[in-house]
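Structure first, then comments.
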Protein chains: 2
Amino acid sequence: MNQQNPQTGRAGSDASSHRTINIHQLKTVCSSCSLRELCLPMGLSQEEVEYLDQLVYTRKRIKRGENLYRAGDPFGSLYAVRSGFFKSNLILEDGRDQVTGFHMPGEIMGLDGIGTDDHTCNTTALEDSEVCVIPFARLEELGHQVRNLQKQFHKVMSREIVRDQGVMMLLGTMRAEERLAAFLLNLSQRFNARGYSHTEFHLRMTREEIGSYLGLKLETVSRIFSKFQEEGLVSVQQKHIRILDTDGLKRMLGQAD
Amino acid sequence: MNQQNPQTGRAGSDASSHRTINIHQLKTVCSSCSLRELCLPMGLSQEEVEYLDQLVYTRKRIKRGENLYRAGDPFGSLYAVRSGFFKSNLILEDGRDQVTGFHMPGEIMGLDGIGTDDHTCNTTALEDSEVCVIPFARLEELGHQVRNLQKQFHKVMSREIVRDQGVMMLLGTMRAEERLAAFLLNLSQRFNARGYSHTEFHLRMTREEIGSYLGLKLETVSRIFSKFQEEGLVSVQQKHIRILDTDGLKRMLGQAD
DNA sequence: AAGGCACTTTGACGTAAGTCAAGGCGGCCA
DNA sequence: TGGCCGCCTTGACTTACGTCAAAGTGCCTT
């Protein structure tokens, strides 16, 4: 599989690792980050991005299954996914669990914490991952100096609101097959924007997590994957997905019944 | 009708109308607005709110059934509900319609437009209403001068994200009765925060709109209102609701089955 | 005051998705 | 290398909610 992340191949485990890490850090400031066109720096000038370099100086590795933060943790920073894959979820007192989003490289996590100074959801790595830590007080400070950064940050928040409303539409009006089709097309488009194949990818989440996100049970998700496969829309082998008929999936969405 | 827009009224037809309108304007700047503790000025000092007065100088009346904006309209301003009641909805190409929120006095509308410079949803008055127009470019400008305003604005956006995630939870994991109970409790709490009764209120929206918001059909909403009434939880007379057993409604939420 | 209209209620029936249960696949660790 | 365990698939049955249809209610207009 050629889905290795270009960011992780670098750090060595030998004597040179110390220097390697320094170089690594140097190379991962925003101004030279390969994700800059997808992430917070989107649309900023070279000079403006260099301001951001002052801000984003800590990175953090999160192992598969570990939490980046939990509901109730005090909020202090936003996080940009540098490599890997995350999910966010809410848990009700009675144990019910709703996945509210999946996050891939370049996406900003933690926006929920700004309003109350506490995180309101849990965010967990679905594979070994790395994030850039963005101290929020400093972001507000820097936004004050770099007007376009402020604007860009507002756009990031607004787009999150729009995304959430799209999920409401999905949960409120779509049937199970439409939900899964919409989900696959959305993943496809996001992988594509990151330079990965849009027809072939590896799901990082379980059927249960997909189901939770889509308001379905895992058996339903599984059955629909099988159905899509029978119909020649996709090829599914466990977590490996190949989209065979993008237009067919899109057609599933356009029709009311 | 005396519902004339103060901005357009300048070329008034007689001498007295001119002065009357000025007094009216004076009374509705943020610094003397009764909603200041619920709206954008929340938590700002007297001095800081007076800066806001420069910004929010236009109000606009929207008649019942009229749109404040539609999906696709160019984005320029946010709107704070001054009086009345609004809904927002998304419409899919095939005609499916999802209500994404209801807005009451003090709440900010239009945040969806910041990300793309176009509004992404429709917002419609459910009764004759009035909004304060907040030109967004000027808000960003003023946020630059008044640090706490900037912070406050970020909190407003973040809370909207958290609210949306709560709706995802509702749509993704709750059964119909739980959804309606959560909806009633939410309305009750918001009316209460505005100084209205939290046990007795008038629904501004139809059963169909409630259903759309909750991912249910109008018949289901109607049946559950009847059931709640039989069980002595609420008294329902068309759109007039009286909550008889708040704890009973809350208990509906706490249990997984 | 009457009639129309938009909204709501209620009943009978249909169905998409959930539940429960059994078995299969594949990766990981001893 | 074998066996365990987490995850996935599939089948048989159940159910919560949707659909369709017919009345009922109250407001608005003329």
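Sequence lines set the chain letters: A, B, ... in the order given, protein chains first and strands last, and positions in each chain run from 1.
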Subject >> For A/Phe102 against A/Glu209, the heavy-atom pair lying closest together >> reply: CZ-O, 3.8 Å
Original post:
Counting only heavy atoms not in B/Arg70, do more than 12 fall under 6.0 Å of its CZ?
Top reply: no
Subject >> Flag side-chain contact, heavy atom, 4.5 Å: B/Arg204 against B/His202 >> reply: yes
Original post:
Between D/dC17 atom C1' and B/Glu178 atom CD, what is the distance in whole Å?
Top reply: 14 Å
Original post:
B/Asn67 and B/Asn122: side-chain donor and acceptor closer than 3.5 Å?
Top reply: no
**OP:** Take the protein atom CG of B/Leu214 and the nucleotide atom C1' of D/dA16, then report the distance between them rounded to whole Å.
**Re:** 16 Å
**OP:** Could you tell me the separation between the CE atom of B/Met174 and the C1' atom of C/dA17, rounded to a whole number of Å?
**Re:** 19 Å
Original post:
Does a nitrogen or oxygen in the side chain of B/Lys217 sit under 4.0 Å from OP1 or OP2 of D/dT19?
Top reply: yes
Original post:
When every nucleotide of nucleotides 9-16 of chain C is labelled 5' to 3' by its protein contacts under 4.0 Å (heavy atoms), B for base, S for sugar-phosphate only, - for none, what sequence of letters results?
Top reply: BBBB----
Subject >> With sequence neighbours excluded, residues passing side chain to side chain donor-acceptor pair (under 3.5 Å) with A/Glu219 >> reply: none
Subject >> Euclidean distance, atom NE2 of residue A/His240 to atom C1' of C/dG27 [Å, nearest integer] >> reply: 17 Å
Original post:
For the pair made of NZ in B/Lys239 and C1' in D/dT25, what is the distance, rounded to whole Å?
Top reply: 13 Å
**OP:** Take atom CD of A/Glu127 as the centre, draw a 6.0 Å sphere, and report whether it contains more than 12 heavy atoms from other residues, nucleotides or ligands.
**Re:** yes
Subject >> Separation of D/dA16 P from B/Arg179 CZ (nearest whole Å) >> reply: 13 Å
Subject >> For atom CD of A/Glu208 and atom P of D/dC8, their distance in whole Å >> reply: 9 Å
Original post:
Nearest nucleotide by nearest heavy atom, which residue falls closer to the 5' end of DNA chain C, A/Leu216 or B/Met205?
Top reply: B/Met205
Identify every side-chain donor-acceptor pair in residues 166-174 of chain A under 3.5 Å, counting partners at least two apart or on other chains, and give the distances.
| residue | atom | partner | partner atom | Å |
| --- | --- | --- | --- | --- |
| A/Thr173 | OG1 | A/Met169 | O | 3.0 |

Original post:
Which part of the nucleic acid, if any, lies within reach of A/Gly215 when heavy atoms closer than 4.0 Å are counted: base, sugar-phosphate only, or nothing?
Top reply: sugar-phosphate
Original post:
Which whole-number value in Å describes the distance from A/Lys227 NZ to D/dG11 C1'?
Top reply: 17 Å
